[in-house]
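Every chain is numbered from 1, with letters handed out A, B, ... down the list of sequences. Because only heavy atoms are used, hydrogens play no part in the values below, and waters and symmetry mates are left out as well, while side chains stay in.
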Number of protein chains: 2
Amino acid sequence: MNSFTEENYIKAIYKLNESDNASVTTNAIAEQMHTKAASVTDMLKKLFVKKLIHYQKYRGVTLTVKGEKTALNIIRKHRLWEMFLVEKFNFKWDEVHDVAEQLEHIQSDKLIEELDKFLNYPKADPHGDPIPDAKGKLHIQKSKMLSLLNVNDNCIMTGVVDHSTPFLQYLERCGLVLGNEIKIKEILTFDKSLQITVNKKNSLFISNDVAKNILVTLK
Amino acid sequence: MNSFTEENYIKAIYKLNESDNASVTTNAIAEQMHTKAASVTDMLKKLFVKKLIHYQKYRGVTLTVKGEKTALNIIRKHRLWEMFLVEKFNFKWDEVHDVAEQLEHIQSDKLIEELDKFLNYPKADPHGDPIPDAKGKLHIQKSKMLSLLNVNDNCIMTGVVDHSTPFLQYLERCGLVLGNEIKIKEILTFDKSLQITVNKKNSLFISNDVAKNILVTLK
DNA sequence: TAAAATTTTTAGACTTGTCTAAAAATCAGT
DNA sequence: ACTGATTTTTAGACAAGTCTAAAAATTTTA
């Protein structure tokens, strides 16, 4: 079994990796955990021995499959408890975090099963953040701004930020409607505009501002 | 704030003191906590510095008022969580303990308030163990077998174990009916039979078997 | 009431997770 | 490609909680 501290490191690594999908640096973890880089290095060695992370000195870390499973289990518990506190115990969204942070470490499979049942098996918490199932699988993806993805990422359009008519009309003319597949071919360095394909055919350029207003989930 | 470990020691001391109401020994705590006497001594020094216990070397410990308040708060949380698990999450009584043992350390006043409200402010858990209120006050007493008390203990009769007619008729003849005050005058060593008074007048002897079938709460 | 048995405490060591300060490795700018 | 800045790691120390072995105090027993 992993200690509370180990669980918190795993979760921090998962979150840092989630946003940029790159190898996570020692300093980034130190900042996230409100601790010092030296302490992080010590812990990384331990997590490496336990085969929870891939780690090479000076090279940052990523989670192993085992580490990711561990992370998803903690996140599952955290998000289910947040739902519970809000829906059943009259917590406001800004009040839940600290308590869920404690509750997520409680060890009991039956408790989490029953909690899930009690909440009617929610697929996402009210933030739109997906709740992994008991096997650690995410059934829905949190949507992100298209502008945050990288070259060669493949995604499905799921929403827009700007709902103005001119914008929506522009999108329709480009074939950018809900459900279509968007692949990023290139991101130009000088203005961060994107070359994309829609449904593997239509190739076009969109500005970074446009990309910021398109919500997608990774495929 | 106290650590999990400190809280567990406080709870252990409370429980050990509850049954016999005497100064609690180092070895008794060590056994209860599944640890070694040397570790207990170390912790006792810490709890003494924090003014949670009265402690003199080699003389055992009792809780201070502050320590007792701390204990009652943990017990309140423990028993509320047990109720919750049984009533809302389909736990059996033998399944709740380990989980409640973890949940009792969660720090959040609002959480416990809402939990209490959610359960409709229960006064006792289904074991009959009383749940302290938010101020640490016990509104009902757990009833025990009269045979477990000591000389000079004073109590009120609250129930019986054996409900057979002959037994109840015998009790009535002795004046042993619900609500009457029983004081233990003497416990004979050779057969553990008891000399008692009922309502400070009638003095009589009852066998230990009879005493085992009379439920009382301490006054 | 003195010796024997038991309980409790002390002393010193180990583990986990943390820190500071200094050394080593990597990265950035020219 | 070199130099300086930054990041990461190492080394050594500390606090909490635990342990074993030995010493000290208390209790039991004869």
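Under the 4.0 Å criterion applied to side-chain N and carboxylate O atoms, B:E18 and B:K144 are not assigned as salt-bridge partners.
For A:R59, whose side chain is taken as the heavy atoms from C-beta onward, the closest listed nucleotide among D:dT20, D:dT18, C:dC27 is C:dC27. You'll find that the side chain of B:Y55 is closest to C:dT9, out of D:dT10, D:dT18, C:dT9. When the nucleotides C:dT20, C:dT8, C:dT10 are ranked by their closest atom to the side chain of B:K45, C:dT10 comes out on top. Listed nucleotides D:dT10, C:dT8, C:dT18 differ in distance to A:A38; the shortest reach to its side chain belongs to D:dT10. Here the nucleotide nearest the side chain of B:K36, chosen from D:dT20, C:dC19, D:dT8, is D:dT20. Picking from D:dT10, C:dT9, D:dT7 the nucleotide with the shortest atom distance to the side chain of A:N27 gives D:dT7.
Following rounding to the nearest Å, A:H34 (NE2) and C:dT18 (P) show an atom-to-atom distance of 13 Å. Rounding to whole angstrom units, CZ of residue B:F48 and P of C:dT9 are separated by 12 Å. One atom, CD of B:E6, and another, C1' of D:dT18, lie 14 Å apart when rounded to the nearest Å. In this structure, B:Q56 places its CD atom 10 Å from P of D:dT26, rounding to the nearest Å. Spacing between atom CE of A:M43 and atom C1' of C:dT16 amounts to 8 Å, rounded to whole angstrom units. With rounding to whole Å, A:M33 atom CE is found 16 Å from D:dT8 atom P. Summarising the geometry, the separation between NZ on B:K57 and P on D:dA23 is reported as 16 Å, rounded to the nearest angstrom. Here C:dG12 presents its P atom at 14 Å from CG of B:D42, a figure rounded to the nearest Å.
The aromatic rings of B:F4 and A:F4 sit perpendicular, their planes meeting at an angle over 60°, well past the 30° parallel limit.
Counting any heavy atom pair closer than 4.0 Å across all strands shown, B:T41 reaches a base atom. Among the protein residues, A:S39 comes within range of the nucleic acid bases, having at least one heavy atom under 4.0 Å from a base atom. If you check every strand for non-hydrogen atoms under 4.0 Å, B:F4 touches nothing.
Under 3.5 Å, the side chains of A:S193 and A:D191 contain a donor-acceptor pair of N or O atoms. For the 3.5 Å distance criterion, the side chains of A:T70 and A:E7 fail to qualify, holding no donor opposite an acceptor.
Of the side-chain N and O atoms in A:T35, one or more sit less than 4.0 angstrom from OP1 or OP2 of C:dC19. At least one side-chain nitrogen or oxygen of B:T26 sits closer than 4.0 Å to the OP1 or OP2 atom of C:dT9. Of the side-chain N and O atoms in A:Y9, none sit less than 4.0 angstrom from OP1 or OP2 of C:dT16.
Two residues are said to be in side-chain contact when any heavy atoms from C-beta on lie closer than 4.5 Å; A:N2 and A:L52 meet this criterion.
Once rounded to the nearest 0.5 Å, the distance linking NZ of B:K212 with CD1 of B:I206 reads 12.5 Å.
Both A:Y58 and A:S3 lie close to DNA chain C; mapped to their nearest nucleotides by heavy-atom distance, the more 5′-ward contact belongs to A:S3.
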